[in-house]
Structures are given as structure tokens and as C-alpha cells.
Protein chains: 2
Amino acid sequence: MKIRPRHSRPRYDARARIAKALAHPSRLMILEALEDREVCVCDLTDLVGADQSTVSKHLAVLKQAGLVEDRKDGVMVFYKLKVCCLQGFWDCIETVLSQNLKAQQAVLR
Amino acid sequence: MKIRPRHSRPRYDARARIAKALAHPSRLMILEALEDREVCVCDLTDLVGADQSTVSKHLAVLKQAGLVEDRKDGVMVFYKLKVCCLQGFWDCIETVLSQNLKAQQAVLR
DNA sequence: TCGCTATTTGGTGTAATGGCCATATAGCCA
DNA sequence: TGGCTATATGGCCATTACACCAAATAGCGA
């Protein structure tokens with residue numbers, strides 16, 4: 001049966017660009033940390049435990065995707081969430097993970 | 001200020017694995033098509049417009065992530081969604097996109 | 001101004017991703 | 001069985017992603 005895409009190709013590309021920004025453990029960790037409050041790069045670097053330049057690049061990815069925004073304060077830069085819709089994303093991911101876990105346990109039995 | 005990760009490193013890795021599976025335009029297109037009904041590989045191949053082997057590999061990625069499952073029927077293989085939590089994901093992505101659009105329009109003005 | 005700190009940017013090596021082609025596998029039917 | 005169709009897999013190549021180091025940039029305080 002012939003299936004038509006619901007949206008245009010560029011639309012899927014745009015969606016994928018956002019999804020890609022969400023697809024790295026360090027970036028997930030960062031986003032979660034920004035859930036409560038804005039945080040400076042130095043603290044995020046400690047949190048992630050990677051090179052500071054690496055973290056800076058992850059932040060650039062998140063910013064480029066429109067997920068976070070930054071604010072300079074003197075020498076320091078603070079990042080905060082720009083969107084408030086991430087809960088749906090977390091819920092989705094966690095649901096999949098727990099379902100996968102359940103499936104795996106079923107296999108073992 | 002010292003920030004503690006809320007979860008373990010492997011937990012973030014696991015989350016990122018799921019997110020990665022969602023981070024490709026063809027796979028997003030496929031997931032959306034599977035929203036309503038199960039679909040065979042041949043129809044998905046038409047839909048995506050890539051080589052059949054390419055689509056097969058995308059499906060393997062989705063399956064590996066636990067997002068879809070397959071059912072053989074004779075020569076054909078039908079895929080369907082294994083999770084029902086994707087709406088939260090779509091909403092999140094679309095919210096970000098529309099917000100980005102709004103921001104862009106504000107710049108032009 | 002000088003030096004110190006916070007951050008970003010550029011360079012480079014390496015690994016992962018994704019595309020297609022060719023091939024393997026498997027069911028179905030004559 | 002032989003041939004056709006549907007799907008998966010292996011190989012290869014080009015591109016992208018990501019890690020670290022080194023260097024550039026910028027604010028601040030002595």
C-alpha cells in the first residue's frame with residue numbers, strides 16, 4: 001500500500017536536527033542540569049567531566065538547536081534552558097527504557 | 001556551584017542510545033508512518049525513497065532501540081510501533097521548531 | 001598594562017554513521 | 001527444482017561527530 005509522507009522532506013530534516021542535538025549523553029546531562037537553574041560553563045564542565053573545550057562545543061550544539069541560551073556575566077557565561085517542552089522528551093525516553101528492561105527480563109525468564 | 005548528576009553515567013548512555021535512534025530524518029518519517037498501522041518494508045522503502053538496504057538498516061536501528069517490532073508474514077516483513085510514548089517526543093520537537101521560527105522572525109523585524 | 005581566569009575557536013586524529021552495490025537468505029509458486 | 005520477490009547482510013567509501021590539545025579572545029583586578 002502506497003504511503004504518503006505527512007510532511008515535506010525539509011521538515012523531517014529540521015526535526016532530525018533537533019533530535020540530533022538531544023542524542024549525546026553529555027548533552028542530556030547538561031540539559032537535565034539546566035532544568036532547575038542557569039549554570040555557568042565551568043560548573044557544567046565539572047559535571048560532565050570532559051575537557052572544557054569539549055563541553056563548550058556541546059553547548060554550542062544545544063544553542064544552535066535553539067534548546068538553550070546564554071548570558072554573559074563578566075568573564076563567565078551562564079546557560080539556561082530556552083524551551084520548557086523537554087519533559088515530554090524525558091518521559092518518552094524513560095518509557096522506552098523501562099519497556100526495554102521489561103522485555104529483557106521476560107526473555108531471561 | 002558544584003552540580004551532581006542525577007543519574008549514573010550508563011543511564012545517560014542508555015538514554016542517548018534511544019535519542020540517537022530518533023535522530024535521523026528517514027527514521028522519523030518511518031516512525032510517523034507506523035503511527036497508524038503496521039507497514040511492510042517495501043512500502044517503507046517507497047516512502048523514504050532510499051535504497052532498500054538502507055531502509056532495512058534504519059529499521060534495524062529502530063528495532064535495536066526497542067522502538068519498533070517486526071512480524072514476518074510469508075516473504076514480507078511488517079514493522080509496527082512497539083511504544084506508544086512518541087507523542088511526547090513529537091510535541092517536544094515541534095515546540096522547539098516553532099519557537100525557533102518565532103525567534104528567527106523576531107530577528108528579521 | 002600585566003597577568004589570571006573563563007570561554008570559544010581552530011586543528012587534528014579517530015570512530016561512527018549512512019549511503020549504495022552486490023550478495024545471501026528465505027518464502028512462494030509454477 | 002527453478003525462478004521470482006522481499007528482506008537482510010557485508011563491503012566499501014564519503015561524510016560527520018567528537019575527543020583532546022593549543023591558541024585566540026575577553027573581562028577583571030593588581
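Per chain, numbering begins at 1; letters A, B, ... match sequence-line order. Side chains are part of it too, since the values below use all heavy atoms of this structure and drop only hydrogens, waters and symmetry mates.
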Separation of atom [atom1] in [X] from atom [atom2] in [N], rounded to whole Å:
X: K20(A); N: dT15(D); atom1: NZ; atom2: P; answer: 15 Å
X: D70(A); N: dG27(D); atom1: CG; atom2: C1'; answer: 16 Å
X: H24(A); N: dC18(D); atom1: NE2; atom2: P; answer: 5 Å
X: M76(B); N: dT5(D); atom1: CE; atom2: C1'; answer: 10 Å

* Assign A60(A) to base, sugar-phosphate, or nothing according to its heavy-atom contacts below 4.0 angstrom with the strands shown. => nothing
* Assign T45(B) to base, sugar-phosphate, or nothing according to its heavy-atom contacts below 4.0 angstrom with the strands shown. => nothing
* To do: Anything under 4.0 Å to a heavy atom of chain B counts; send over the first and last such nucleotide of DNA chain C, read 5' to 3'.
  => dT17(C) to dC28(C)
* **Residues R15(A), E94(B): salt bridge by 4.0 Å N-O rule** => yes
* Asked: Does the distance from a Lys or Arg side-chain N to an Asp or Glu carboxylate O, for R9(A) and D13(A), drop under 4.0 Å?
  -> yes
Donor-acceptor pairs under 3.5 angstrom involving side-chain atoms of residues 99-109 of chain B: please list them, not counting sequence neighbours.
| unit_1 | atom_1 | unit_2 | atom_2 | d |
| --- | --- | --- | --- | --- |
| Q99(B) | NE2 | K82(A) | O | 2.7 |
| N100(B) | ND2 | A65(A) | O | 3.0 |

* Heavy atoms of other groups near Q64(A) CD, more than 12 under 6.0 Å -> no
Is there a side-chain contact between [X] and the phosphate of [N], meaning an N or O under 4.0 Å from OP1 or OP2?
X: Y79(B); N: dA8(D); value: yes
X: H58(A); N: dA17(D); value: no
X: T54(A); N: dC20(D); value: yes

* Structure fact -> Per nearest nucleotide of DNA chain C, the residue lying toward the 5' end, A23(B) or V75(A), is V75(A)
State which of [options] makes the closest approach to the side chain of [X].
X: Q52(B); options: dC18(D), dC21(D), dT7(D); value: dT7(D)
X: S53(A); options: dT7(D), dC20(D), dA26(D); value: dC20(D)
X: V77(B); options: dT7(D), dC21(D), dG10(D); value: dT7(D)

* First locate atom NZ of K63(B), then atom CG of D70(B), and finally report the distance between them rounded to the nearest 0.5 Å. => 3.5 Å
* **Interatomic spacing from CZ in R27(B) to NZ in K57(B) - rounded to 0.5 Å** => 12.5 Å
* Relative to the 5' end of DNA chain D, which residue comes earlier, K57(B) or C40(B), by the nucleotide with the nearest heavy atom? -> C40(B)
* Asked: Quick one: on DNA chain D, does G49(A) or D51(B) contact a more 5' nucleotide (nearest heavy atom)?
  -> D51(B)
* Sidechain-backbone polar pair: T95(B) side chain, D91(B) backbone, donor-acceptor under 3.5 Å -> yes
